[in-house]
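Chain naming here is simple, since letters A, B, ... match the order of the sequence lines and numbering starts at 1 in each.
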Protein chains: 2
Amino acid sequence: MRASGRYPATVPGPVDHRRDRVLELLRQEGGRVTTARRAVLSVLLDEGRRHVSAEEIAEAVHDRHPDVHLSTVYRTLEAFESIGVVTHVHLGHGRAIYHLTDELHHHAACESCGQVLQLPDSIFTDVQATLQEMYGFEVDAHHFALVGRCEACAVG
Amino acid sequence: MRASGRYPATVPGPVDHRRDRVLELLRQEGGRVTTARRAVLSVLLDEGRRHVSAEEIAEAVHDRHPDVHLSTVYRTLEAFESIGVVTHVHLGHGRAIYHLTDELHHHAACESCGQVLQLPDSIFTDVQATLQEMYGFEVDAHHFALVGRCEACAVG
DNA sequence: TTAGCTGCAAAAGGTTTGCAAATTA
DNA sequence: TAATTTGCAAACCTTTTGCAGCTAA
């Protein structure tokens, strides 16, 4: 299925298991496994690309499947979100970014250079508890990113 | 400048001082004070409307100045932001909300009913300190809202 | 077979921009 | 007068949607 050379051989192990788990869940929920969906999932599973906009996903998919339309990417992401395996986060103006759900973490986006810092889940624990106690408000903090300036940009 | 009757007389005191301060600052920075800008400022100063989208501001302005265009409202808000008296916050999908800067507070928006909770500034103190220490990241948390479900909506 | 996807084109929703005319200082 | 603002229309960008054809199960 893949030409030799340019791409490393598929690494057996957790990544593949994960792909299979997602696809199986999708099928269980009445969804269908298609080329486009497999391709989007591959991009999301790609270690190097864990925080990507829909457009970036589409571009990556186009390397191998130039015919997959951006709207299909959006619909695929929606399907993945509806079965709980994908989440999106708003970084501010413009695009949202998507990532697989099971890596629970928060985000801090640099307004200046766009870098997205991944933060441990624990960082919001206190805030979450405080809001729950004082206001009965249930924070879904994974949906949003903190905004500010990263170390490098803060200096200037 | 104002017809009698329908509108209460201008309340003397802090509100007016504040309006004057903003307009003076605007002039100091080389900006001009116009009807549209005065009107937008009035909406922002209005106690009852401290968190409003650009469109809502435009609607309110239209009560008295039907000719002020939405794009002028955006440009006015931009001008106010550039002199530091206005901030906007993204609540999630869609519109941003604008408010005067000197009331430093955070926001928690209910995904379900849209209600915006105002939180004391202190709520993020620890998170801010942690990020600064561990990552050198300077949080500008006022720019974003926490998202989740308010007490009423969380029940269902 | 048939419910569920897909590509395409077009719309939607919020925000920004170019421009000539109007206004402020 | 000179520099800023304004209204308008049109563009922009991201995301969503309608539809007819295609495909997975």
- Query: Do any side-chain nitrogens or oxygens of B:Tyr74 fall under 4.0 Å of OP1 or OP2 in C:dT16?
  - Reply: no
- In whole angstrom, what separates A:Ile97's CD1 from D:dT15's P? 11 Å
- Task: Please determine if a side-chain N or O atom of B:Arg27 lies less than 4.0 Å away from the OP1 or OP2 oxygen of C:dA25.
- Result: yes
- Item | Separation of C:dC5 P from A:Leu77 CG (nearest whole Å) | 14 Å
- Item | N or O in side chain of A:Arg37 less than 4.0 angstrom from C:dC5 OP1/OP2 | yes
- Task: Please determine if a side-chain N or O atom of B:Arg75 lies less than 4.0 Å away from the OP1 or OP2 oxygen of C:dT16.
- Result: no
- Task: Could you tell me the separation between the CD atom of A:Glu78 and the C1' atom of D:dT14, rounded to a whole number of Å?
- Result: 14 Å
- Message: Rounded to whole Å, please give me the gap between CD in A:Glu81 and C1' in D:dT15.
- Response: 13 Å
- Minimum-distance pair of heavy atoms, taken over all atoms of A:Leu44 and A:Leu77: CD1-CD2, 4.1 Å
- Task: Check the angle between the aromatic planes of B:His51 and B:His99 and answer parallel, tilted or perpendicular using the 30° and 60° thresholds.
- Result: tilted
- Query: When you measure from the side chain of A:Val33, which nucleotide among C:dC5, C:dC8, D:dA25 comes out closest?
  - Reply: D:dA25
- Side chain of A:Arg32: nearest nucleotide among D:dA3, D:dT6, D:dA25? D:dA25
- Task: Keeping the roles fixed (side chain from B:His90, backbone from B:Ala145), state whether a donor-acceptor pair exists under 3.5 Å.
- Result: no
- Query: If you take all heavy atoms of A:Leu23 and A:Val33, which pair is closest and at what distance?
  - Reply: O-CG2, 3.9 Å
- Task: Respond yes when some side-chain nitrogen or oxygen of B:Thr34 is under 4.0 Å from OP1 or OP2 of D:dT4, and no when none is.
- Result: no
- Task: Side chain of A:Thr72 only, please: which of D:dA9, C:dT6, C:dT24 is the nearest?
- Result: C:dT6
- Message: Angle between the two end axes of the helix from C:dT1-D:dA25 to C:dA25-D:dT1, five base pairs per end, rounded to 10 degrees?
- Response: 30°
- Query: Do the rings of B:Tyr74 and B:Tyr98 sit parallel, tilted or perpendicular, given the 30° and 60° boundaries?
  - Reply: perpendicular
- Message: Using a heavy-atom cut-off of 4.0 Å across all strands, would you classify A:Ala79 as base, sugar-phosphate, or nothing?
- Response: nothing
- Task: Round to the nearest Å and state the distance from A:Arg38 atom CZ to D:dA24 atom P.
- Result: 8 Å
- Message: Does a side-chain N or O of A:Arg95 approach OP1 or OP2 of D:dT14 to a distance below 4.0 Å, or not?
- Response: yes
- Message: If we check side chain to side chain contact (heavy atoms under 4.5 Å, CB included) with A:Ile97, which of these qualifies: A:Val52, A:Val89, A:Ile57, A:Thr87?
- Response: A:Val89
- A:His65 NE2 to C:dG7 P: how many Å, rounded? 11 Å
- Note on the structure: Side-chain contact check for A:Val68: nearest option of C:dG7, D:dG7, C:dT15 is C:dG7
- Task: Give one of base, sugar-phosphate or nothing for B:Ser71, where a contact means two heavy atoms less than 4.0 Å apart.
- Result: base
- Protein-nucleotide distance (A:Asp67, atom CG; C:dC5, atom P), rounded to Å: 18 Å
- Message: Can you give me the closest heavy-atom contact between B:Val127 and A:Ile123, atom names plus distance?
- Response: CG2-O, 3.4 Å
- Note on the structure: B:Gln28 CD to D:dT4 C1', in whole Å, measures 17 Å
- Message: Between A:Arg37 and A:Arg32 (side chain of the first, backbone of the second, donor and acceptor by atom type, cut-off under 3.5 Å), is there such a pair?
- Response: yes
